[in-house]
Amino acid sequence: MPLRVYNTLSGSKEEFVPINPGKVGMYVCGVTVYDDCHIGHARANIVFDMIYRYLRAKGLEVTYVRNYTDIDDKIISRANRDGVSYQVISERYIAEFDRDMARLMLLLPTFQPKATEHIQEIIALVERLIAKGFAYQSDADVFFCVEKFDDYLRLSKRNLEDMQAGARIEVDERKRHPMDFALWKGAKPGEPYWESPWGQGRPGWHIECSAMSMKFLGETFDIHGGGKDLIFPHHENEIAQAEAATGKPFVKYWLHNGFVNINAEKMSKSLGNFFTIKQVLERYDAEVLRFFLLSSHYRSPIDFSDQNLKDAELGLERIYKALAGVDERLAAGAGDQPPSAEEAELAEKGKGIAARFAEAMDDDFNTALALGHLFDLVRSINKALPFASADLLALVKREVEAIAGVLGVCDSVPASFLQRIKERKTSEMEISAEEIEQLIAERAEARKAKNFKRSDEIRDDLLARNIVLLDGPQGTSWKVK
RNA sequence: GGCGGCGUGGCCAAGUGGUAAGGCAAAGGACUGCAAAUCCUUUAUUCCCCGGUUCAAAUCCGGGCGCCGCCUCCA
């Protein structure tokens, strides 16, 4: 079954055909390391982690590169504000980024290059552009000449005239065209710098990604990704730099994820309406956040709210409860069962889930639909649980684990996940687990004595404190509402 | 102003020509001492509005309304 992906360059879904059969080169723009990451960064990185996992699951050999932009104006200004060197800032936020991504259960990319470790490659690329007449020096700066590059703005589907009509940019007199952008910036006194043919300076914003992607993936590679907000100017400029220098197509498929919104508005630093990953993980399990972000299509906007996170948590719990039920039955040694309609349905759903999952994912990574199929299976599991054979339950478990491995959700031991959620919720309660257990014991006594007035009283009291009791064959357990 | 996108039940969200997945919430039933959990059933004759194409449209075309994004650092 062919994978189809939405390519920003063509504006439509295309069949994904790797340049080299069986192999994929994928570059994703990482972060500029000057502050903590927010949920928008979480989405971008989780989306491409999911894509990376799925490509690998399809048997492709993926070289995944995600950079750190560790020298830039914002890093310098942050360093100046804090009175430290830019390295202190970049190293601190690289460590924070790594920690956040690890908590979000992201696989490590094949390479994670840093801009400051590729200054020579960057200088070489700028020199190449100057030699070919696509760039010019102006004082200690070097600019890219957008008018020389015919395909400029092809990705964002605009033209230079329109851009100027709405331009709010201050015109730099040293530029030949207002849209020309810096490849190299001369250092002002006190700024960090590297020696270059144009004097002491540092790379412009976009050049590091062109230089590093081509170094690790070659001059033409398969996938380049990032948030929609990078289409212009960042990716547009990357294309210009790379293609002007090499004369070859830079990237075959451009993939862009949608934004995380707050009240239907883009979450962003400048609007100040953002939540950091750390803040959210104080209140929700990392897997819940992943599940939430994968519950809508990666290109759609997704609205971040407490209610939506809670819904996601309930949904994920539903899946885990079913899986925990499977584990319990397997542990109890589910023996042979007489044939039943429930088991037959589960067998059909269980054997078909991999194909349905692949079909959804092959359609431009439709994780929302894929999760819908998973919920379908969950219903069949719940229905068939008392009737299914151990073999069938084990098969279903394996199938779900395969899917979980691609999405990075439902990948925990079910009982531990449920325990984790329970502990998180309990820690926010004013009542201790011991007290609850004590009350449950008292209620059991009352029920034994048919004193339902007292037993209901206990249950209602606990309910008022958000504790829900669950009576089962093995006795009473509880959960936080 | 230019360019791009979106508008599906109370909420979230799939579906891009063949007669509306799934989740959350809600209601009824089974189960239960009563509940909860679980299971079953129900909840959009209709997909922002108005035209058009078609045997057939949420899906295509035209117009309108509303919302959002990019055009400035941004995942």
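Quick note on labels: first sequence line is chain A, next is B, and so on, each numbered from 1. Computed from a predicted structure; not experimentally measured.
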Checking contacts here: which listed nucleotide ([options]) is nearest the side-chain heavy atoms of [X]?
{"X": "Asn308(A)", "options": "C70(B), A25(B), C12(B)", "result": "C12(B)"}
{"X": "Asn366(A)", "options": "A35(B), C11(B), A14(B)", "result": "A14(B)"}
{"X": "Lys157(A)", "options": "C3(B), A14(B), A75(B)", "result": "C3(B)"}
{"X": "Arg379(A)", "options": "A14(B), A75(B), G22(B)", "result": "G22(B)"}
{"X": "Ser455(A)", "options": "A35(B), G33(B), A75(B)", "result": "G33(B)"}
{"X": "Phe232(A)", "options": "C70(B), C24(B), G69(B)", "result": "C70(B)"}
{"X": "Phe375(A)", "options": "A75(B), A37(B), G23(B)", "result": "G23(B)"}
{"X": "His38(A)", "options": "A75(B), A35(B), A14(B)", "result": "A75(B)"}
{"X": "Lys266(A)", "options": "A36(B), A75(B), G23(B)", "result": "A75(B)"}

Does [X] have a side-chain nitrogen or oxygen under 4.0 Å from the phosphate oxygens OP1 or OP2 of [N]?
{"X": "Ser300(A)", "N": "A14(B)", "value": "yes"}
{"X": "Lys383(A)", "N": "C40(B)", "value": "yes"}
{"X": "Arg299(A)", "N": "C6(B)", "value": "no"}
{"X": "Arg318(A)", "N": "C39(B)", "value": "yes"}
{"X": "Asn261(A)", "N": "C68(B)", "value": "no"}
{"X": "Asn382(A)", "N": "C39(B)", "value": "yes"}

Give [X] one of three labels, base, sugar-phosphate or nothing, depending on what nucleic acid heavy atoms sit under 4.0 Å from its own.
{"X": "Leu369(A)", "value": "base"}
{"X": "Gly11(A)", "value": "nothing"}
{"X": "Ser156(A)", "value": "sugar-phosphate"}
{"X": "Lys269(A)", "value": "nothing"}
{"X": "Leu470(A)", "value": "base"}
{"X": "Arg459(A)", "value": "base"}
{"X": "Thr32(A)", "value": "nothing"}
{"X": "Val28(A)", "value": "nothing"}
{"X": "Arg43(A)", "value": "nothing"}
{"X": "Asp456(A)", "value": "base"}
{"X": "Asn45(A)", "value": "nothing"}
{"X": "Phe452(A)", "value": "base"}
{"X": "Arg443(A)", "value": "base"}
{"X": "Ser268(A)", "value": "base"}

Item to check | Pairing nucleotide - U38(B), Watson-Crick or G-U, each distance under 3.5 Å | outcome: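 Matched U38(B) with A30(B) under the 3.5 Å cut-off.
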
Item to check | Complementary nucleotide for C24(B) - Watson-Crick or wobble, under 3.5 Å | outcome: G10(B)

Length of the [atom1]-[atom2] vector between [X] and [N], whole Å:
{"X": "Glu313(A)", "N": "C12(B)", "atom1": "CD", "atom2": "C1'", "answer": "15 Å"}
{"X": "Glu317(A)", "N": "A25(B)", "atom1": "CD", "atom2": "P", "answer": "10 Å"}
{"X": "Asn237(A)", "N": "C71(B)", "atom1": "CG", "atom2": "C1'", "answer": "13 Å"}

Checklist entry - Does any N or O in the side chain of Ser300(A) come within less than 3.5 Å of the main-chain N or O of Ser296(A), such that one atom is a donor and the other an acceptor? => result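 Here the side-chain-to-backbone pair does not exist.
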
Item to check | Lys13(A) to Tyr6(A), cation-pi by 6.0 Å centre distance and 45° axis angle | outcome: no

